[in-house]
Amino acid sequence: MEPRLNVYASPLTGTFVKHINTAGKAVADSSLPAATQELVKIRASQINGCGGCLDMHTKEAVRAGETATRLHLVAAWREATVFTDAERAALELAEQGTRLADAAGGVTDEAWANAAKYYDEEQLIALVALIALINTYNRLNVITRQPAGDYQAGQLG
């Protein structure tokens with residue numbers, strides 16, 4: 001696959017990415033569990049078809065100790081027994097937050113209430129911000145057809 005643009009060579013992209021990376025650091029440093037963060041990034045990236053983000057976040061998850069079984073089952077999390085109830089609530093919120101246009105009301109009250117059972121207000125803010133951030137990266141990469149496969153775990157810090 002050939003990219004449409006070399007977006008990461010652009011000074012504008014550099015400035016833009018610098019700011020969203022700063023926002024991402026705030027989320028990464030939050031009390032939202034790191035494993036949950038990676039699962040949410042992977043699920044949103046699956047939905048959006050973002051190979052670059054899937055490449056990065058699956059490799060980072062492995063580097064952080066995530067199991068192959070859980071990674072292979074993220075797309076089928078509803079049928080899988082390997083996720084906690086809290087992770088399942090986060091994955092549901094991630095799906096609904098990623099597919100806003102698919103539902104007239106956006107995120108359901110049920111999905112929100114379920115997530116609120118497991119995460120405090122700061123973690124919910126981090127979760128919502130994370131969903132917004134990964135969707136931003138997905139769109140940047142998918143629209144410009146950024147290729148996947150060459151990412152090395154840890155290469156961005």
Side-chain angles (χ1 to χ4, degrees), residues 16-143 146-157:
F16 178 71
V17 168
K18 175 182 164 186
H19 290 291
I20 59 176
N21 281 347
T22 299
K25 179 148 177 39
V27 173
D29 292 345
S30 74
S31 62
L32 184 64
T36 301
Q37 291 185 41
E38 289 301 332
L39 293 173
V40 163
K41 289 184 266 189
I42 291 165
R43 186 63 190 125
S45 298
Q46 289 172 333
I47 292 166
N48 290 321
C50 184
C53 289
L54 283 168
D55 187 30
M56 173 188 287
H57 295 297
T58 55
K59 289 173 179 174
E60 290 298 343
V62 167
R63 181 176 178 230
E66 189 59 78
T67 67
T69 299
R70 283 169 45 96
L71 291 176
H72 294 310
L73 291 172
V74 172
W77 64 267
R78 284 180 180 82
E79 293 81 26
T81 60
V82 296
F83 301 106
T84 68
D85 289 342
E87 289 168 337
R88 297 168 74 74
L91 288 165
E92 178 65 30
L93 193 64
E95 283 192 7
Q96 290 190 23
T98 297
R99 293 182 164 140
L100 290 175
D102 295 346
V107 174
T108 65
D109 290 339
E110 293 80 13
W112 183 262
N114 193 35
K117 288 191 314 191
Y118 302 102
Y119 302 103
D120 63 28
E121 284 191 13
E122 287 299 310
Q123 291 171 320
L124 286 169
I125 291 167
L127 187 54
V128 170
L130 179 63
I131 294 164
L133 284 166
I134 193 60
N135 275 279
T136 299
Y137 272 114
N138 290 167
R139 280 146 179 78
L140 179 66
N141 288 332
V142 171
I143 292 167
Q146 296 304 300
D150 295 329
Y151 182 81
Q152 300 296 314
Q155 84 178 46
L156 296 179

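Basis for what follows: all heavy atoms, side chains included, without hydrogens, waters or symmetry-related copies. None of the values given here were measured: they were computed from a predicted structure.
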Worksheet item: How far apart are the C-alpha atoms of Leu39 and Trp77, what are their side-chain angles, what is the distance that settles it, and do they pass the side chain to side chain contact (heavy atoms under 4.5 Å, CB included) test?
Response: CA-CA 10 Å; Leu39 293 173; Trp77 64 267; over 6 Å; no
Mind checking the [atom1]-[atom2] spacing from [X] to [Y]? Nearest 0.5 Å is all I need.
X      : Y      : atom1 : atom2 : answer
Leu140 : Ile20  : CG    : CD1   : 6.5 Å
Glu122 : Ser30  : CD    : OG    : 8.5 Å
Met56  : Glu38  : CE    : CD    : 9.5 Å
Leu127 : Gln37  : CG    : CD    : 9.0 Å
Glu60  : Gln152 : CD    : CD    : 10.5 Å
Leu124 : Leu32  : CG    : CG    : 9.0 Å

Fill in: salt bridge (charged side-chain N to carboxylate O under 4.0 Å, His left out) against Arg78, all qualifying residues, sequence neighbours excluded
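Only Glu92, Glu95 meet the salt bridge (charged side-chain N to carboxylate O under 4.0 Å, His left out) criterion with Arg78.
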Worksheet item: In terms of side-chain geometry, is the basic nitrogen of Arg70 or Glu87 positioned less than 4.0 Å from the acidic oxygen of its partner?
Response: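 Salt bridge between Arg70 and Glu87, a charged N being under 4.0 Å from a carboxylate O: yes.
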Do you know the tightest heavy-atom contact between [X] and [Y]?
X      : Y     : value
Ala35  : Glu66 : CB-OE1, 4.1 Å
Ser45  : Cys53 : OG-CB, 3.2 Å
Tyr119 : Ala90 : OH-CB, 3.7 Å
Ala126 : Val27 : O-CG1, 3.6 Å

Worksheet entry | Ile134 backbone acceptor or donor facing Asn138 side chain under 3.5 Å |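 Here the side-chain-to-backbone pair exists.
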Item to complete: Would you confirm whether Asp55, through its side chain, and Tyr151, through its main-chain N or O, come within 3.5 Å as a donor-acceptor pair?
Response: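 Yes.
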Discussion item. Looking at Asp29, I want to see if its CG is surrounded by more than 12 non-hydrogen atoms of other residues, nucleotides or ligands under 6.0 Å.
Written reply: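 Enclosed.
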Fill in: Verdict with supporting geometry, Gln123 and Tyr118, side chain to side chain donor-acceptor pair (under 3.5 Å)
CA-CA 9 Å; Gln123 291 171 320; Tyr118 302 102; over 6 Å; no
If you look only at distance, which donor and acceptor atoms sit under 3.5 Å apart when one is on a side chain in residues 97-112 and the other is two or more places apart or in another chain?
unit_1 : atom_1 : unit_2 : atom_2 : d
Thr98  : OG1    : Ala94  : O      : 2.7
Thr98  : OG1    : Asn135 : ND2    : 3.0
Thr108 : OG1    : Gln96  : OE1    : 3.2
Thr108 : OG1    : Ala111 : N      : 3.0

Worksheet item: Any chance the side chains of Lys117 and Asn114 put a donor and an acceptor closer than 3.5 Å?
Response: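 Note: Lys117 and Asn114 side chains meet the donor-acceptor criterion.
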Practice prompt. Please assess Asn21 against Tyr137 for the test side chain to side chain contact (heavy atoms under 4.5 Å, CB included), listing each intermediate value before the final yes or no.
Written response: CA-CA 10 Å; Asn21 281 347; Tyr137 272 114; 2.2 Å; yes
